[in-house]
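Atom set for the values below is all heavy atoms of this structure, side chains included, hydrogens, waters and symmetry mates excluded.
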Amino acid sequence: MHAWDECTAAEETLRALDDLIRSGNVPAVGVSNTPAWVIARSQAIAELRGWSAYCGLQIEYSLVARSPDGELLPMARALGLTVTAWSPSRAACSSASAPLPGSPPPADRH
């Protein structure tokens, strides 16, 4: 699930995802761009109802974006979720994003 939808009940989303998994249309479901408390609540609901739960968590994580350290990573560890980072090199200095001091200007691409 790409992002949390505040307008749709967690039970409705989880039931639909469980139907997809049980029918064989998808092997497993992960979650991204969702607060830790919503994920933890969703995992509890899935467990109590016997539905498939999230198996992974995709988070923005880099040397710049370290906010997952506070709640998301400890929650993932406690719930046994696999964590995948997106944008791990965000704002990093690379040859594609910023020239090193003293380097020649990029070649004309026209």
Side-chain angles (χ1 to χ4, degrees):
M1 184 175 77
H2 180 68
W4 176 42
D5 174 7
E6 295 180 53
C7 298
T8 306
E11 292 82 357
E12 185 178 345
T13 301
L14 292 168
R15 183 61 210 199
L17 294 172
D18 182 67
D19 287 345
L20 289 171
I21 292 169
R22 290 180 189 271
S23 68
N25 289 314
V26 296
V29 177
V31 65
S32 179
N33 301 322
T34 303
W37 71 268
V38 173
I39 298 169
R41 181 175 178 272
S42 297
Q43 294 296 85
I45 291 169
E47 185 176 331
L48 289 170
R49 304 251 173 132
W51 296 339
S52 302
Y54 297 122
C55 66
L57 173 64
Q58 184 182 34
I59 57 174
E60 179 181 14
Y61 192 76
S62 68
L63 293 175
V64 176
R66 298 294 300 262
S67 58
D69 289 347
E71 293 185 5
L72 287 169
L73 290 177
M75 180 231 25
R77 190 176 306 112
L79 296 176
L81 298 173
T82 301
V83 176
T84 304
W86 63 267
S87 192
S89 61
R90 177 180 177 203
C93 180
S94 71
S95 62
S97 62
L100 296 173
S103 63
D108 189 305
R109 296 183 183 181
H110 299 287

**Study point:** Under 4.5 Å side-chain linkage, directly or through intermediates, the cluster mates of Val38
**Key:**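 In the cluster with Val38 are Trp4, Trp37.
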Heavy-atom closest contact ([X] atom, [Y] atom, distance):
X: Ile21; Y: Ser52; answer: CD1-CB, 3.5 Å
X: Ala53; Y: Gln43; answer: CB-OE1, 3.4 Å
X: Met1; Y: Thr13; answer: SD-CG2, 3.5 Å
X: Met75; Y: Ala36; answer: SD-O, 3.6 Å
X: Ala10; Y: Ile45; answer: CB-CD1, 4.1 Å

If you round to the nearest 0.5 Å, how far is [atom2] of [Y] from [atom1] of [X]?
X: Leu17; Y: Tyr54; atom1: CG; atom2: OH; result: 5.5 Å
X: Leu48; Y: Leu14; atom1: CG; atom2: CG; result: 11.0 Å
X: Leu20; Y: Arg15; atom1: CG; atom2: CZ; result: 10.5 Å
X: Leu79; Y: Ile39; atom1: CG; atom2: CD1; result: 8.5 Å

Exercise for review: Taking atom CD of Glu47 as the centre, report whether more than 12 heavy atoms of other residues, nucleotides or ligands fall under 6.0 Å from it.
Suggested key: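 Open: at most 12 neighbouring heavy atoms sit under 6.0 Å from CD of Glu47.
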Check your understanding: Would Arg49 and Asp18 count as a side chain to side chain contact (heavy atoms under 4.5 Å, CB included) if you check the C-alpha gap in whole Å, the side-chain angles of each, and the deciding distance to 0.1 Å?
Key -> CA-CA 10 Å; Arg49 304 251 173 132; Asp18 182 67; over 6 Å; no
Exercise for review: Please name all residues satisfying side chain to side chain donor-acceptor pair (under 3.5 Å) with Arg41, sequence neighbours left out, ordered by chain then number.
Suggested key: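 Applying side chain to side chain donor-acceptor pair (under 3.5 Å) to Arg41 gives none.
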Check your understanding: Side chains of Val83 and Leu72: does their closest heavy-atom pair fall under 4.5 Å?
Key ->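 No, their side chains stay 4.5 Å or more apart.
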Practice item. Please answer whether the main-chain N or O of Ser32 pairs with a side-chain N or O of Thr34 as donor and acceptor at a distance below 3.5 Å. Key: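 Present.
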